[in-house]
Enquirer: 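I have a structure here, written as structure tokens, and I will follow up with some questions on it.
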Amino acid sequence: MAEIIDGKLLALKVKDKLKSKVVEFKNKYGRDIVLSVVLVGDNPASQVYVRNKLKATEYVGMKSLSFVLPENASENQVAETVKSLAVDKGVDGILVQLPLPKGIDERKILKLIPPEKDVDGFLAENVGKLMLGEETTVACTPFGVLTMLKENNIELSGKNAVVIGRSNIVGKPMAMLLLKENCTVTICHSKTVNLKEMCSNADILIAAIGKPLFVTADMVKPGAVVIDVGINRTEKGIVGDVDFENVKEKVSFISPVPGGVGPMTIAMLLENTYLCALRRENC
Ligand code: NAD
């Protein structure tokens, strides 16, 4: 039976460590760390995410600025909001909650965020630095997954890691982070042939697909480490991409959904905000 990786508890540990780093920052630089959040429209899931992010910001002692624009806001209105935050010297991080309503070009809006305030690690400059192995802001979810692995002292060097999913915000940066840790990385996706065979060779298996209970026990190697990134809303509530109940009997570590990667993503957003603030003071 697997050890269950408690993302909630680990996220609390990250946030509690941050609390004292935030106090030290304030004492040293004489100012608050400020995260700004832009929410456009009335997507209920986005509203919940933003609320949780703002609550967590307060918990660690950072300040937040929240901008809520209506569903019918124009691209220009959203752009002007982001532009004003971009030049505001008091703002350390800018988070534009995605998805934006239809008709607004997300890439165009995100490009208005200066790379040093890109707390989500989505911009080309930060993704490029990750590719080059340079210090940078890494997308919160894969950063959270890596922290989960490290905090559980899971050996990564030389291991076969399989990432299912190749999105820009999860799969690709996840693969780069594992490569940096000297894993032998395979990225699988919707066109992968023999997915089961690929997965059953994985010492570390990361599922970031968006399909409920997609990864079944017959796909995993005995003793593997399985991290479930998926968040799927079903009639039975929120479930992950992994058939947790059956897979947990076969592997050494597994993260649950909910209570796994989700809380870690928020904790790493705050860590990224802190790191952005620190870099801005030291550049
Ligand atoms: P996405 O839709 O952008 O990417 C999904 C990936 O899965 C694609 O690369 C696709 O090729 C792959 N895929 C789809 N069907 C497949 C199949 N049959 N076999 C193999 N691969 C297949 O999604 P995303 O933004 O990367 O998110 C993935 C999941 O993670 C979603 O459930 C999302 O809600 C969740 N998510 C969770 C967090 C968190 O904080 N826990 C953060 C981001 C995303």
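By convention here, the first residue in the shown sequence is residue 1. All of these numbers come straight from a predicted model, not from anything done at the bench. When a ligand or atom number is given, it counts from 1 through the structure's own listing order.
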Enquirer: Pick one of side chain, backbone, both or neither for how Thr141 approaches ligand 1, counting any non-hydrogen atom pair under 4.0 Å.
Expert: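 The answer is the side chain.
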Enquirer: Under a 3.5 Å cutoff, is there a donor and acceptor pairing between the side chains of Thr136 and Asn126?
Expert: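 There is such a pair (donor and acceptor under 3.5 Å, judged by atom type) between the side chains of Thr136 and Asn126.
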Enquirer: Pairs of nitrogen or oxygen atoms closer than 3.5 Å, one from Asp241 and one from ligand 1: do any exist?
Expert: no
Enquirer: Hey, what do you get for CG (Leu269) to CG (Leu35), rounding to the nearest 0.5 Å?
Expert: 5.5 Å
Enquirer: Quick one: are Leu65 and Val91 in side-chain contact, heavy atoms under 4.5 Å?
Expert: yes
Enquirer: Record the part of Lys191 in heavy-atom contact with ligand 1 below 4.0 Å; permitted values are side chain, backbone, both and neither.
Expert: neither
Enquirer: Among protein heavy atoms, which sits nearest to atom 1 (P) of ligand 1, and what does the distance come to when rounded to 0.1 Å?
Expert: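 For atom 1 (P) of ligand 1, the nearest protein heavy atom comes out as Ser167 CB, 4.1 Å.
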Enquirer: Does only the side chain of Ile231 get under 4.0 Å from ligand 1, or the backbone, or both, or neither? Count heavy atoms.
Expert: both
Enquirer: Pull out every atom of ligand 1 sitting under 4.0 Å from any heavy atom of Thr265, numbered as shown with elements.
Expert: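 Contacts of ligand 1 toward Thr265, numbered from 1: 39 (C), 40 (O).
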Enquirer: Linking Ile, Leu, Val, Met, Phe, Trp and Tyr by side-chain heavy atoms under 4.5 Å, what else ends up with Leu9?
Expert: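 Besides Leu9, the cluster holds no residue at all.
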Enquirer: Please give me the minimum heavy-atom distance between Asp118 and Leu123, naming the atom from each residue.
Expert: OD2-N, 2.9 Å
Enquirer: I need the nearest protein heavy-atom contact for atom 10 (C) of ligand 1: residue, atom name and distance, please.
Expert: Ser190 N, 4.0 Å
Enquirer: Taking atom 25 (O) of ligand 1 as the point of reference, which of Val163, Leu98, Ile169 owns the nearest heavy atom?
Expert: Ile169
Enquirer: Nearest 0.5 Å, please: how far is CD in Glu197 from SG in Cys188?
Expert: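 Going from SG on Cys188 over to CD on Glu197, the span is 10.5 Å.
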Enquirer: Among protein heavy atoms, which sits nearest to atom 5 (C) of ligand 1, and what does the distance come to when rounded to 0.1 Å?
Expert: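 For atom 5 (C) of ligand 1, the nearest protein heavy atom is Ile209 O, 3.2 Å.
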Enquirer: If we only count heavy atoms from C-beta on, is the Cys276 to Thr137 side-chain gap below 4.5 Å?
Expert: yes
Enquirer: Tell me which protein heavy atom sits closest to atom 9 (O) of ligand 1, plus the residue, atom name and distance to 0.1 Å.
Expert: Arg166 N, 2.8 Å
Enquirer: Would you please say whether a donor-acceptor pair under 3.5 Å links the side chains of Asn43 and Tyr49?
Expert: no
Enquirer: Considering only heavy atoms of His189, which atoms of ligand 1 have at least one such atom less than 4.0 Å away?
Expert: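 In order of numbering, the contacting atoms are 11 (O), 19 (N), 20 (C), 21 (N), 22 (C).
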Enquirer: Go through the side-chain N and O atoms of Asp218 and Thr216 and say whether any donor and acceptor fall under 3.5 Å apart.
Expert: yes
Enquirer: Ile164 versus ligand 1: do any nitrogen or oxygen atoms come within less than 3.5 Å of each other?
Expert: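 The answer is no, given that Ile164 and ligand 1 share no N or O pair closer than 3.5 Å.
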Enquirer: Strictly under 4.0 Å, does any heavy atom of Gly262 approach an atom of ligand 1?
Expert: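 A heavy atom of Gly262 does come that close to ligand 1.
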Enquirer: Answer with side chain, backbone, both or neither: which part of Thr192 has a heavy atom less than 4.0 angstrom from an atom of ligand 1?
Expert: neither
Enquirer: Would a 4.5 Å heavy-atom cut-off, applied to side chains only, mark Asp203 and Val225 as touching?
Expert: no
Enquirer: If you have a sec, work out which protein heavy atom is nearest atom 31 (C) of ligand 1 and how many Å separate them, to one decimal?
Expert: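 Here the nearest protein heavy atom works out to Gly210 CA, 3.6 Å.
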Enquirer: To the nearest 0.1 Å, how far is atom 15 (N) of ligand 1 from its closest protein heavy atom, and which atom is that?
Expert: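 The closest heavy atom on the protein side is Lys211 NZ, 3.1 Å.
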Enquirer: Please list, in number order, the atoms of ligand 1 under 4.0 Å from a heavy atom of Val170.
Expert: 26 (O), 43 (C), 44 (C)
Enquirer: Provide the closest heavy-atom pair for Ala139 versus Phe122 in the form atom of the first, atom of the second, distance.
Expert: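 That would be CB-CE2, 4.3 Å.
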Enquirer: Tell me whether ligand 1 is touched by Ala208 - counting only heavy atoms on the residue side and a distance under 4.0 Å.
Expert: yes
Enquirer: Students should be able to answer this: which protein heavy-atom is nearest to atom 17 (C) of ligand 1, and at what distance?
Expert: Phe214 CZ, 3.7 Å
Enquirer: What part of Val229, side chain, backbone, both or neither, has a heavy atom within less than 4.0 angstrom of ligand 1?
Expert: both
Enquirer: Is any side-chain heavy atom of Asp228 closer than 4.5 Å to a side-chain heavy atom of Val261?
Expert: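 No, side chains not in contact.
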